[in-house]
Number of protein chains: 2
Amino acid sequence: MLEGFDSPCATTDPVFTAPSDIFSKFSPNEFSDLLAIGTVRNYEKGEFIYHAGDPGMNVHFLRSGRVKIYQNSTLGREVILWFCFPGEIFGLTEVVHSAGRAVNAQTCERAEVLCIARSQFKDYLATHSGASFVIMQALACRMRVLGDMLVNLIDDDVNSRIVKLMLRLSACHGTRVGNEVHLNIRMTHQEIADMVGTARQTVTKVLSELKLRGLLSIENHRIRIRSQELLNEHSRSS
Amino acid sequence: MLEGFDSPCATTDPVFTAPSDIFSKFSPNEFSDLLAIGTVRNYEKGEFIYHAGDPGMNVHFLRSGRVKIYQNSTLGREVILWFCFPGEIFGLTEVVHSAGRAVNAQTCERAEVLCIARSQFKDYLATHSGASFVIMQALACRMRVLGDMLVNLIDDDVNSRIVKLMLRLSACHGTRVGNEVHLNIRMTHQEIADMVGTARQTVTKVLSELKLRGLLSIENHRIRIRSQELLNEHSRSS
DNA sequence: TGCCGAATGTCACGCAGGCGACATTTTTTG
DNA sequence: CAAAAAATGTCGCCTGCGTGACATTCGGCA
């Protein structure tokens with residue numbers, strides 16, 4: 001169920017939340033009916049699928065590639081809310097709720113997206129109640145993560161914010177390899193800084209400290225975590 | 001549509017998000033069918049409807065009163081994610097998604113709650129697609145607010161975090177009286193501090209400053225805002 | 001293969017705001 | 001209606017981390 005990553009304590013630790021591969025939870029005809037009403041679009045690396053402020057009349061499903069959902073803040077910061085992986089839905093929030101896009105959706109790499117018009121999607125939901133429920137699950141899952149991020153921002157210091165970010169990402173998007181967890185999300189220090197609300201330099205410092213202590217390593221922008229040790233680390237307050 | 005509060009620029013300013021009174025958007029028989037499968041429960045002020053960690057097999061609709069949804073953090077902080085007002089749904093996230101409750105739900109005052117079992121609710125959704133959609137809207141709305149809070153935490157200083165909190169609360173739960181907006185949520189400085197991630201003393205200081213400048217006043221723990229001025233205030237970065 | 005821009009490291013300085021320690025006021029409760 | 005508890009004000013010290021200013025390394029493209 002959780003692709004390659006067995007979350008150690010999903011019930012007690014809200015950090016570990018299942019990924020939201022929706023397709024895999026659809027029944028075959030829920031899936032094919034969805035395909036039937038959608039248009040497939042291809043995007044190059046770095047292209048925008050939509051911008052904040054756009055009207056937002058479509059829902060999207062990611063078929064391949066990776067998409068970054070973020071807001072940009074009053075000065076220059078890209079606050080990344082989450083990454084989308086294949087099988088995930090995005091852009092639903094603003095379609096269902098009226099007012100325009102609140103966030104930007106930009107590809108991290110070449111991507112293939114299934115794009116569905118608001119009205120058609122609404123009809124689809126009305127006639128596929130199972131699918132509705134699955135999608136609610138995905139929303140719920142995301143809410144949970146957002147709540148977590150919030151708590152994290154509110155009462156942890158920079159060090160622990162970074163550690164928990166790593167754990168959160170591992171839980172959603174990591175693959176276990178031996179006793180390591182590999183994240184295949186390419187992230188710059190700047191992006192990490194933007195996610196946890198700190199300065200780029202601080203990220204550099206904290207990360208190299210963690211590397212030094214052998215808690216994680218970085219292989220061309222891809223992070224590898226000795227999950228267990230890092231977990232212990234994060235439960236300490238300091 | 002928005003009870004008594006005309007949001008000035010809902011499209012561009014994500015701060016202004018409609019409240020989520022679900023009942024008012026239901027059709028009469030969507031409503032009565034819902035009542036039919038639920039049990040009404042009464043709670044005294046300060047009672048818990050559920051705790052973080054509970055299994056979470058019920059969805060709740062608030063009929064009257066006020067409920068505080070929060071997580072408590074590694075040391076003592078109550079991080080309030082949102083308040084629920086009559087007509088709002090809560091506890092959905094954890095029912096739809098498996099693992100237990102991620103948050104606490106505690107009444108702020110005597111409250112009347114419609115409580116619905118997971119399985120019954122699922123059936124209800126399956127047979128009432130209109131209702132499903134309305135509920136998705138509510139979730140979407142909440143996601144948006146959470147996203148906003150996040151950005152806010154990540155790149156604003158304490159002063160502006162507090163100001164924006166006020167604006168956010170006004171937008172969702174304020175009632176316009178003349179050119180003021182009244183919030184009828186009783187909040188202590190400590191609670192405010194917990195919401196924006198700062199120290200109680202800092203809240204005291206910032207708030208008295210705002211009072212001094214005539215941007216807001218406090219009438220027995222209820223906050224009144226000169227909305228327009230405060231809005232201007234918040235667009236400044238300092 | 002070599003160039004150039006982007007990403008990473010490292011350092012010292014300064015200050016926003018956390019924290020403790022109070023006095024004072026308001027609210028609750030017996 | 002008094003006593004206890006909770007909430008609000010006010011202050012000063014001290015530290016976590018933001019900021020600017022670099023040097024260094026990486027990696028994509030001509």
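Treat the numbers as computed from the prediction; the structure is a model and nothing was measured.
In this entry the distance linking CG of A/D155 with P of C/dG17 reads 17 Å, nearest Å. In this structure, B/I162 atom CD1 and C/dA16 atom C1' are separated by 13 Å, rounded to whole Å. Atom C1' of nucleotide D/dC17 and atom CG of A/L207 are separated by 16 Å, given to the nearest angstrom. Per the geometry, NE2 belonging to B/H221 stands 14 Å off P belonging to D/dA6, to the nearest Å. Counting to the nearest Å, the C1' atom of C/dG17 and the CZ atom of B/R200 are 14 Å from each other. Atom CG of A/L212 and atom C1' of C/dT10 are 14 Å apart (whole Å). For the pair A/R161 CZ and D/dG18 C1', the interatomic distance rounds to 12 Å; values are reported in whole Å. The distance from atom CG of A/D157 to atom C1' of D/dT15 is 12 Å, rounded to the nearest whole Å.
Ring geometry, A/Y70 versus A/F48: the interplanar angle falls from 30° to 60°, so the pair is classed tilted.
Applying the 4.0 Å criterion to OP1 and OP2 of C/dG18, one finds that B/T202 has a side-chain N or O inside that range. Taking 4.0 angstrom as the limit, A/T188 places none of its side-chain polar atoms (N or O) nearer than this to OP1 or OP2 of C/dA6.
Looking at A/N104, its side chain does come within 3.5 Å of a backbone N or O of A/A52 through a donor-acceptor pair.
Using a 4.0 Å heavy-atom cutoff across all strands shown, B/A199 reaches sugar-phosphate atoms only and no base atom.
Checking D/dG28, C/dT27, C/dT8 against every side-chain atom of B/R186, the shortest atom distance belongs to C/dT27. With C/dT10, C/dG9, C/dG20 as the choices, the nucleotide that has an atom nearest any side-chain atom of A/Q201 turns out to be C/dT10.
Salt bridge B/R41/B/E112: absent, no basic N to carboxylate O contact under 4.0 Å. Here A/R110 does not pair with A/E47 in a salt bridge; the nearest charged N to carboxylate O distance is not below 4.0 Å.
Looking at heavy atoms from C-beta onward, A/L139 lies in side-chain contact with B/M143 at the 4.5 angstrom threshold.
Residue whose closest nucleotide on DNA chain C sits further toward the 5' end, between B/K205 and B/K45: B/K205. If A/H189 and B/V158 are placed on DNA chain C by their nearest nucleotide, the residue sitting closer to the 5' end is A/H189.
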